[in-house]
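Chain letters run A, B, ... following the sequence lines, proteins first, then strands; residues in each count from 1.
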Amino acid sequence: MADIISDIEKSIKDVIDRAVKKACETQELNITVMPDYIIEVPREKTNGDFATNIAMLLPKQAKMPPRKIAEILTSHMDTADTYIEKVETAGPGFINFYLNNKWLINVIPVIEKEAENYGRCNKGQGKKINVEFVSANPTGPMHMGNARGAALGDSLANLLEAVGYDVTKEFYVNDSGNQIENFGKSLEARYLQLFGIEAEIPEEGYHGEDIIEHMRELIKIEGDKYLNVPEEERRARLTEYALEKNLARMKKDLADFGVEFDIWFSEQTLHKVGKVEQTIDYLKEKGYTYESEDALWFKASQFGAEKDEVLIRSNGLPTYFAADIAYHKNKFERGFEIAIDIWGADHHGHIPRMKGAVEALGYNPDRLHVIIMQLVRLYRQGEIARMSKRTGRAVTLSDLIEEVGRDAARFFFNMRSADTHLDFDLDLAVTQSTDNPVFYVQYAHARICSILRQAEENGITILPAEEANLEVLTEESELAILRKLADFPSEILNSALAYEPYHLTRYSLELSSLFHTFYNSCRVIGQEENIMIARLLLIKSVKQVLKNTLTLLGITAPERM
RNA sequence: GCGCCCGUAGCUCAGGUGGAAAGAGCAACGGACUUCUAAUCCGUGAGCCGGGGGUUCGAGUCCUCCCGGGCGCACCA
């Protein structure tokens with residue numbers, strides 16, 4: 001896909017490379033190794049549109065000061081047939097390039113042509129990538145950490161897909177192991193209690209109202225038929241029932257949040273088909289395990305972890321870790337080149353051992369990338385809010401959607417990088433004002449739609465970009481918008497490769513701000529024909545790019561507000 | 001004690017592979033609506049980038065040691 005920024009950078013590099021060659025030919029410079037120089041955008045506009053540091057990387061080779069090198073290179077630069085208008089040397093040895101603003105207007109026809117595909121590319125070349133996120137315990141409702149993970153993971157998946165990866169979004173269902181045992185015991189206790197039979201919820205069990213609710217419903221449907229069956233059978237059935245209910249609930253809550261998984265991967269199935277056992281056997285054969293105190297251990301410390309880890313407990317049951325190894329082995333066997341896991345900060349200690357396990361399995365550990373999210377703190381009226389307004393219990397994902405809405409929640413979760421604590425201001429998220437960033441962005445979109453509607457009502461025909469005279473876009477606020485629009489493809493690529501969708505919220509805010517500034521200084525409708533058409537095309541481009549950005553974030557772009 | 005993350009304006013945070021005089025939003029103060037949505041815009045003030053060393057032409061960014069905060073260090077997940 002077209003990216004006018006990288007095109008222009010390429011043309012500048014050409015100019016530089018040719019100048020170096022020429023300077024060497026005339027023996028003014030003696031350079032044998034071409035340095036790895038960069039083209040960058042100077043912070044200060046007065047330093048040009050682009051700059052290069054090449055002269056500052058050459059003093060040793062050329063045996064002269066950087067400014068002198070810059071002068072020589074500049075003198076050999078041939079800028080014919082480029083947009084470069086002026087080249088200057090400055091500062092400690094920068095070479096600054098000043099461009100004719102006309103290069104920027106090319107972005108409008110590109111956006112018009114590519115529309116919803118503007119910004120996308122094929123960097124990923126169809127490589128298979130697995131993004132596992134949320135993976136909340138199916139023993140109860142989802143909390144704020146799960147919500148942040150959902151927003152982050154889904155936007156990241158969209159982003160990776162946009163740059164050409166074949167993305168699979170996956171939810172690992174922990175429907176096995178200790179916590180499920182406790183879940184079953186808790187359900188059973190409630191079930192018996194509802195029939196007036198004395199029973200106790202285990203120490204580490206689940207005491208929530210939802211457990212009682214599940215059993216009330218089950219009794220309504222199936223009555224007392226599990227009172228007189230063997231304990232094991234009873235627990236299995238109660239667990240199965242409640243898990244199914246919880247999973248359905250999670251699917252619904254996530255769907256309300258705009259998150260749809262491709263695969264819900266059951267941990268239980270790994271055990272059932274013997275994958276866990278096979279994986280353990282494999283590690284055993286490789287000599288990466290040993291027995292101690294009746295348990296089987298994985299030599300994690302041999303692979304960079306702090307200590308060894310138990311695979312099979314002395315009671316004969318495999319640990320969660322053992323299943324997780326089998327799960328990751330399975331991911332790679334399914335052909336994923338990269339597996340991304342999104343975990344809460346409280347799990348960060350597991351990264352070395354998990355990567356160690358991947359390595360022990362014979363895969364490059366770099367193929368597993370773990371994103372650690374820091375905690376979310378909710379604020380209401382300036383104070384930490386732990387409880388839901390409505391239920392009085394811990395705030396769940398569905399509470400959050402109900403209180404602030406899906407768009408605001410998704411935007412807020414993606415405003416900060418994953419590794420900073422997130423202060424979520426619930427009051428701000430519902431505010432319909434300039435303070436609320438998501439409204440600010442959506443308002444920009446709606447405002448554009450409003451102008452376009454009026455243009456249509458006034459019978460104004462917008463020409464195709466190729467036929468319009470876009471050179472009349474010379475106002476500072478117009479040029480600033482064009483520059484921002486041109487940045488979009490690299491913005492997406494960089495965010496995707498860094499696995500950091502939060503750059504998109506910032507981008508959307510910056511573009512919106514530039515639009516609002518333009519709106520207040522330039523009128524569109526009623527201007528001289530050429531200018532009006534050009535501005536209509538400009539704001540249409542802004543609308544398209546805002547829409548594309550919001551879509552990646554899973555947020556709606558309203559036509560009116 | 002060991003490991004990971006964080007420490008930038010009063011508050012919340014940005015600062016691609018090191019680059020030229022550190023940015024934004026909010027809060028504070030002062031302005032702009034007979035005109036396409038004032039849910040907006042314009043302006044002002046505000047900083048030993050936690051601290052000390054080091055690497056180099058050049059460090060908020062890299063290395064090291066401290067200080068402060070969060071989270072881990074189970075035969076739980």
Side-chain angles (χ1 to χ4, degrees), chain A residues 36 38 40 42-44 46-47 51 53 56-57 59-60 65-66 90-94 96 135 137 139 174 176-180 182 204 267 292-297 305-307 309-321 323-324 344-352 372-375 379 415-423 425 428 431-437 439-440 442-444 446-455 458 490-491 493-495 497-498 500 502-503 506 509-510 512-513 515-527 532 535-536 539 560-561:
Chain A
D36 201 8
I38 58 170
E40 63 176 356
R43 222 183 341 241
E44 293 294 324
T46 52
N47 290 325
N53 64 343
M56 290 181 286
L57 301 173
K60 275 180 189 156
F94 286 103
N96 297 334
S135 297
N137 266 329
T139 50
N174 301 133
S176 173
N178 253 347
Q179 89 282 359
I180 292 295
N182 285 325
E204 311 252 303
E267 179 186 350
S292 173
E293 298 167 63
D294 294 329
L296 185 75
W297 295 72
E306 274 183 67
K307 55 187 189 59
E309 298 289 341
V310 172
L311 293 174
I312 300 177
R313 293 178 274 173
S314 53
N315 64 7
L317 296 173
T319 58
Y320 171 86
F321 180 49
D324 219 13
D346 52 340
H347 286 63
H348 76 259
H350 306 165
I351 298 175
I372 289 299
M373 289 183 307
Q374 299 299 318
L375 305 179
Y379 282 82
M415 278 205 305
R416 305 279 176 253
S417 90
D419 53 20
T420 80
H421 292 264
L422 183 81
D423 288 338
D425 186 335
L428 179 60
T431 305
Q432 306 208 352
S433 83
T434 161
D435 301 350
N436 184 346
F439 271 82
Y440 184 85
Q442 290 181 318
Y443 179 52
R447 229 179 187 183
I448 293 169
C449 292
S450 172
I451 299 173
L452 294 174
R453 262 196 310 273
Q454 293 193 37
N458 292 347
S490 63
E491 200 74 38
L493 184 60
N494 291 338
S495 309
L497 297 182
E500 290 175 340
Y502 75 90
H503 295 289
R506 302 188 67 79
L509 284 165
E510 286 160 7
S512 298
S513 170
F515 167 73
H516 287 309
T517 297
F518 161 80
Y519 180 91
N520 276 274
S521 68
C522 300
R523 281 193 61 80
V524 178
I525 293 170
Q527 297 295 291
M532 177 170 68
R535 287 183 177 165
L536 283 167
I539 65 171
R560 44 180 104 219
M561 289 171 77

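In this structure, A/Phe321 reaches neither bases nor backbone, as no heavy-atom distance under 4.0 Å exists between it and the strands shown. Here A/Arg453 lies out of heavy-atom contact (under 4.0 Å) with every strand. Using a 4.0 Å heavy-atom distance criterion, A/Cys449 is classed as making no nucleic acid contact. Nucleic acid contact for A/Ala446: base, since at least one base atom lies under 4.0 Å from a heavy atom of the residue. In this structure, A/Asp419 reaches the sugar-phosphate backbone alone: every heavy-atom distance under 4.0 Å involves primed, P, OP1 or OP2 atoms, never a base. Among the atoms of the strands shown, base atoms are found under 4.0 Å from some heavy atom of A/Leu57. Nucleic acid contact class of A/Asp324 (heavy atoms, under 4.0 Å, all strands): none. Base engagement by A/Ser450 is indicated by at least one non-hydrogen atom pair under 4.0 Å involving a base atom. A/His347 comes within 4.0 angstrom of a nucleotide base, judged by non-hydrogen atoms across all strands. The residue A/Glu293 sits close to a base: some heavy atom pair falls under 4.0 Å. Note on A/Ser314: a base of the nucleic acid sits closer than 4.0 angstrom, heavy atoms only. Residue A/Ser417 is classed as a sugar-phosphate contact, given heavy-atom separations below 4.0 Å to backbone atoms only. At the heavy-atom level, A/Ala455 lies nowhere under 4.0 Å from the strands shown. Across all strands, A/His421 comes closer than 4.0 Å only to sugar-phosphate atoms, never to a base (heavy-atom distances).
To the nearest whole angstrom, the two P atoms, one in B/C6 and one in B/C13, are 13 Å apart. When the P atom is used for both B/G51 and B/C71, the distance is 25 Å, rounded to whole Å. Using C1' as the reference atom, B/U17 and B/C5 are 22 Å apart when rounded to the nearest Å. For the C1' atoms, the distance from B/U44 to B/C49 is 23 Å, rounded to whole Å. If you take atom P in B/A39 and the same atom in B/G50, they sit 39 Å apart, rounded to whole Å. Atom name C1', nucleotides B/G54 and B/G69: the rounded distance is 26 Å, in whole Å. Spacing between B/G25 and B/A14 at atom C1', rounded to whole Å, works out to 10 Å. Across the P atoms, B/U8 and B/G52 are found 15 Å apart, a figure rounded to whole Å.
Stacking of A/Phe94 onto the six-membered ring of B/A20 is present: less than 5.5 angstrom between centres, less than 30° between planes.
Considering only heavy atoms from C-beta on, A/Leu428 stays 4.5 Å or farther from A/Phe439 through its side chain. A/Leu375 has its side chain within reach of A/His421: a pair of non-hydrogen atoms, C-beta onward, lies under 4.5 Å apart. In this structure, the side chains of A/Asn182 and A/Thr139 stay at 4.5 Å or more apart for every pair of heavy atoms. For the pair A/Ile451 and A/Leu536, the minimum side-chain heavy-atom distance is below 4.5 Å.
Here B/U44 sits opposite B/A28 as a Watson-Crick or G-U wobble pair (both hydrogen-bonding atom distances under 3.5 Å). The pairing partner recorded for B/A74 is none, the criterion being a Watson-Crick or G-U wobble arrangement whose two distances lie under 3.5 angstrom. Pairing of B/U64, defined by two Watson-Crick or G-U wobble distances under 3.5 Å, is identified with B/G52.
If you find the closest nucleotide of RNA chain B to A/Ser292 and to A/Gly526, the one lying nearer the 5' end belongs to A/Gly526. Toward the 5′ end of RNA chain B lies the nearest nucleotide of A/Phe439, the other residue of the pair A/Phe439 and A/Gly177 mapping further downstream.
When the nucleotides B/A77, B/U40, B/A20 are ranked by their closest atom to the side chain of A/Arg447, B/U40 comes out on top.
Atom OH of A/Tyr502 and atom C1' of B/U12 are 14 Å apart (whole Å).
Residues A/Gln179 and A/Asn137 share a closest heavy-atom pair of NE2-OD1, 3.3 Å.
Between A/His350 and A/Phe321, the distance separating the two ring centers is not shorter than 6.0 angstrom.
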